[in-house]
Structure formats: structure tokens, C-alpha cells
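One structure below.
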Amino acid sequence: MAVAKAWRFSGVLVCANGNLALVQQHKQHFCWRSPSSQRRPISWSLVCGLMLFALGLISLFTGHVASDLEWYSQRLMKQSLYYKLDGGTRVPIDIWKSKFSKFYYGCSERGPHFAPVVRERSSNGYLLIATSGGLNQQRTGITDAVVVARILNATLVVPELDHHSFWKDDSDFINIFDVGWFIASLAKDVTIVKRVPDKVMRSMEKPPYTMRVPRKSEPEYYLDQVLPILLRRHVVQLTKFDYRLASNLDEELQKLRCRVNYHALRFTKPIQDLGNKLVMRMRKTAKRFIAVHLRFEPDMLAFSGCYYGGGEKERYELGEIRKRWTTLPDLSPDGERKRGKCPLTPHEVGLMLRALGFKNDTYLYVASGEIYGGEETLRPLRKLFPNFYTKEMLASEELKSFLPFSSRLAAIDYIVCDESDVFVTNNNGNMAKILAGRRRYMGHKRTIRPNAKKLSALFMARDQMDWDTFARKVKSCQRGFMGEPEEMRPGRGEFNEYPASCICQKPFKYSDVENEYQSSEKVPTVLEPFTPNGYNGNDKGAASLQRLKEPSMGGIPVPLGETNDDDFLAD
């Protein structure tokens, strides 16, 4: 079938004769045309320039300043707001909070031309979805399932969660998410039911048709390949449903993604209550804290094909785990590290944070699963940040009922990471991307993603420079990876990480930003003296994962003093 962009129409319904009918939602378009085809087009840059010049002349005589026109006109300029406010110098960036977050807000409301929901009896059939992977991978599948149901004008059955992946969690949707809230909050977008009605199942001559669509399929694929089957069979199940919908979609569909991910998917009360308790306990010990998501489990390292200096024991152990995936190619550990594909070690995460300016009295909440190498691997990070907490440390007894369920444990970590003042990750995994996008949507809360490609070379050359040089280079590497609003550009990366269609800007004046900059306190970039463990050269066993040398002179560690960087991220 050649049905294109059907989600923009008011409906995709079946007529009595079985033919597919499209009822287009007509829109009026107004445009201006020159009466003469030979007339040259108007340069809007010139018009805006002349308007500003005229307003400038008026302001000289009246004392009044043009208000918000300067905001709209500056959009025609290629200069960045963040780096051109003070004579071309870079604006200092607070490591705890973005100064520009108040000029942006999450916006995912339905547009005036978004067609009404198709009710169950009028829909084209029932769509069953079987998600895949861990909690956050399944979350992307659920979000896309709602959008696909909208594209097909289908009734969505509450998605099934994966019970057979590496995580081995038999939790169902109702055990993790508030199913009643999920259905009610999306009632104007998609009709969702808990199960296919028995009457429909009994009337079917064959079991539900099962198929798997290619990864990142366009909406046209669903209309051409899935819709005809749905119309014939009435019930279709899509399996292994993770990242099966394209990242770039129509803006209204992107906003629907945001309504699902950031509003409709609410955790159950027991999960939400415990997550909030952990946040409160962290707040009682510190006014602000960092949440670090460490993906450093054995399976993660094995899948990445990376090597961390644990000798033959590490190579053997990770090699055995790697055999679980028969289709994985042979990878070069050095090559993967240079490409930025290797997760940072806990020690490297600590060094990055100290180099950015976080002091050693900063409180850390560490969200992780099983750490490869155990306590020996975590020890360098603990020395850099002694105020080190995990969910097990904060809620040992209350956590017992959750321990058999990895997805519920991940949901608790998700809540604490989302509520933290700063969120840091050592990887480019699903939770890292989803939380980065959510925190942008919820007010651009500080989110630090390591620029692993550039940092890898810097870490490998760590022993060839003093601490001040290392810190300066880390700040340079991390420019553009600190969660600033300017990082949001339409078309950049995956939508879950950069939900540009759902971020709106408030009109502002340059003077607003200048006042914010001038009234802010000096950027905290002072380092406490510290001397973490150096790499001892022992290449035996996983417990001796590679550590980076500390600055030294003649083999004697040099205490790291205070830095004088007034402008964060400015070389």
C-alpha cells in the first residue's frame, strides 16, 4: 500500500466495502506572493537590520530600548548566546546548575490540528507489543508502541515486558508502572486496553499474527507492511520491540513521545515512595548531590569488547561471557577505546569530576549493578569522593522485597538520578540517554555525559602532564557535554536524548542574561589536595584494573592544590 504521512490525516478507517479510506484534515495555508515573478525576493535579514537601526535611532531620542525584538532578530545570527555576551569571551558555566535553564521549558501539548483519538470500536484492530531488554530499553519500546498505535489508528494493548533477557526479571507492566494512570493520561491520544476482549479472540480464525519490524522503521513502513495485516487479522503482535521506530518523526508525533515518556509512564506507588525516601535521605546529609550511573557490569564490559588492564584473567572471564552473543564481531580493545566506545572506569569518572571542579567533600549517589572487580574497582572513586552512597546503604531493610527484581531496582535508581542536582554517567547506554533527555525536558538540570572519544586519549596520556594541565584539558574535552541548553539542536542524536521538539524557549532580553551572569557567584572550581592511588604496574587479575598514574616528580606523588580557573570550560 502506498499510504504516506497518514498520521497527519484525521483517520485511517475501513469502509463497508473493505477499501481503505483516507479523510484528510484540511488546513488553510496563507502565503504572500509577489505580483511580478521577476521581482527579487525580500532579504528578511536586511529588513530586520533596518528595523533595528530605526529602533536604535528612536531609542537615542526617546530613551526607550527595543524590547523583545532583539531576541527574535538574534535568531538570524549565527553567534551563540552563551559565548558572545561579554565582548566575545566565554560565559562561565556553573558546574551545579545551568544559568540559562530558566529560559527554556518542556512543551508537549497537543497541537490544534492533532486529530481526535479513534475509539476502540472504530479502530483498525488491536496492537500487541512485546518489549525487549532491561527497564529503560523497554521504556523506549513502550513509548514507541503508543506512537505506532497512533499511526495505525489501532487500539493498543498494555505492552508486555521482557522476562527472558539478561536481566531475568519476571515483573509485568503493572508491577513497575501505574497502568491506570498510563491508560487515562493518554486517553486523548490513543485508546489503550489491558487485554484483547474475549469476544474478539473467540471470533478469530487464527492466532494473532506475529512479526518483527526492522529497527528504526519509518511510519510509511508500518502503513505499508503492518496496516494491511492488521486490517485482515484484527490482532497483530510486534516482537522484540525496541528502537523499532525512526528517531525523526513529524513534530506532533515527537510531542506524543514526550507525553508518554515524561508524563504517562509513572512508577507504581511502592517504587515511587522508596525512591523519594532515598532522595530525602540524601538531601538530609547534603544540600546538593551528584548521582553517578556506573555501567561496569561484567556483561557490559564483555559486550563492549574493551580491556581494562586485568591481565589474562580478565581476558578469559570477559571472553567467556562474550560467547553468549554468537553474532558479535571481533573487536580491537585499543580501537574501541580510541573510538570512545568503552565505558569509563569508576576511577576515570572520579578524575573527570575532580578535574571539572567538584570537591572531595561532594556527596555521591552511585547507581550501579554488579561492578566488575568489586570493591577493588570502586576504591579509587571512594578515595576521591569519600561521601559515597548507594541504595543498599540508604535502605537495606526496605530494599529486601525489591532485590529479586532487577527492573524495580533500576526504577529506584532512576528516581534518585532524576532528582539529583547533577547526573553523571560513564557510558552511552539506555538509562543515560533517557535520563539526559528527561532532565533537559524538566528544566535542563545539570547532566554530564563524558566525551569518551577525546577523554580516552587524555586518560592514556595522564602521566605525561601535571594536574593543572590535565584539568584544563578535561574541561576543554567536556565542552558541549555538560547538559547546557545550547546543546539542543534539531536532528542531533537520538530523540530520547535530545527531545528538541519538546523544548520551548521563553522570549528574553540580553540584559536578562547579563544580570543573571553578573549576579551569580564565582564558579566553584577549587580542588582540595588529594593523592589517589597510582597504577602499580601489576597486570594480574581483574582486581587490578588499569589505574592512571597521578602527577609525580621523581616517583613522589605531588599533592594537587587549588586551581585558578575563573571561567569554567574556557581554555
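All values below come from the heavy atoms of this structure, side chains included, with hydrogens, waters and symmetry mates left out.
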**Centroid separation F103 to H444 less than 6.0 Å** = no
**Request:** Working to the nearest 0.5 Å, report the span between CD1 of I434 and CG of L265.
**Result:** 9.0 Å
**Message:** For F177 and F182, I'd like to know if the aromatic rings sit close, meaning centre-to-centre distance below 6.0 Å.
**Reply:** no
**Message:** I need the minimum non-hydrogen distance between S101 and G443, along with the two atoms involved.
**Reply:** CB-O, 3.1 Å
**Message:** Main chain of M482, side chain of R446: is a donor-acceptor contact present, judged purely on distance under 3.5 Å?
**Reply:** yes
**CA sep, side-chain torsions, deciding dist, call: L356, K475, side chain to side chain contact (heavy atoms under 4.5 Å, CB included)** = CA-CA 6 Å; L356 291 176; K475 292 172 184 177; 4.2 Å; yes
**From K102 atom NZ to K506 atom NZ, the distance as rounded to the nearest 0.5 Å** = 9.0 Å
**Request:** Report the C-alpha distance between F385 and F358 in whole Å, list the side-chain angles of each, state the deciding distance to 0.1 Å, and finish with yes or no for ring-ring contact (aromatic ring centres under 6.0 Å, His included).
**Result:** CA-CA 9 Å; F385 294 96; F358 293 100; 7.5 Å; no
**Item:** W467 side chain to A355 backbone, donor-acceptor under 3.5 Å
**Value:** no
**Item:** Ring-face cation contact, F470 with R462, 6.0 Å cut, 45° max
**Value:** yes
**Request:** Would you check if L353 and T362 make a side-chain contact, meaning some heavy-atom pair closer than 4.5 Å?
**Result:** no
**Asked** Which atom names give the shortest non-hydrogen contact between V416 and G275, and what distance separates them?
**Response** CG2-O, 3.9 Å
**Prompt:** Who pairs with R215 by side chain to side chain donor-acceptor pair (under 3.5 Å), at least two apart in sequence or on another chain?
**Reply:** none
**Prompt:** Quick one: are E494 and Y243 in side-chain contact, heavy atoms under 4.5 Å?
**Reply:** yes
**Message:** Before you tell me yes or no, could you show the steps for L278 and I415 under side chain to side chain contact (heavy atoms under 4.5 Å, CB included), namely the whole-Å CA-CA distance, both residues' side-chain angles and the distance that decides it to 0.1 Å?
**Reply:** CA-CA 9 Å; L278 300 192; I415 293 171; over 6 Å; no
**Item:** Side-chain touch R337/D334, heavy atoms, less than 4.5 angstrom
**Value:** no
**Item:** A411: partners by side-chain contact (heavy atoms from CB on, under 4.5 Å), with sequence neighbours left out
**Value:** L135, F267, I271
**Message:** Show me the pairs that pass salt bridge (Lys or Arg N to Asp or Glu O under 4.0 Å) and involve residues 366-375, at least two apart or across chains.
**Reply:** E375-R382
**salt_bridge(R283, D421) N-O dist < 4.0 Å** = yes
**Asked** Is N276 reaching over with its side chain to a backbone N or O of Q272, donor-acceptor style, under 3.5 angstrom?
**Response** yes
**Request:** Determine if the SG-SG distance between C502 and C258 falls under 2.5 Å.
**Result:** yes
**Prompt:** Is the closest side-chain heavy-atom distance between F459 and L344 below 4.5 Å?
**Reply:** yes
**Message:** Show the nearest heavy-atom pair for residues L161 and T131, with the distance to one decimal.
**Reply:** CA-OG1, 3.3 Å
**Asked** Below 4.5 Å, heavy atoms only, C-beta onward: do Y308 and T377 meet side chain to side chain?
**Response** no
**Request:** Specify whether Y365 and F289 have parallel, tilted or perpendicular ring planes, treating 30° as the upper limit for parallel and 60° as the lower limit for perpendicular.
**Result:** perpendicular
**Prompt:** Between Q478 (side chain) and R449 (backbone), is there a donor-acceptor pair under 3.5 Å?
**Reply:** yes
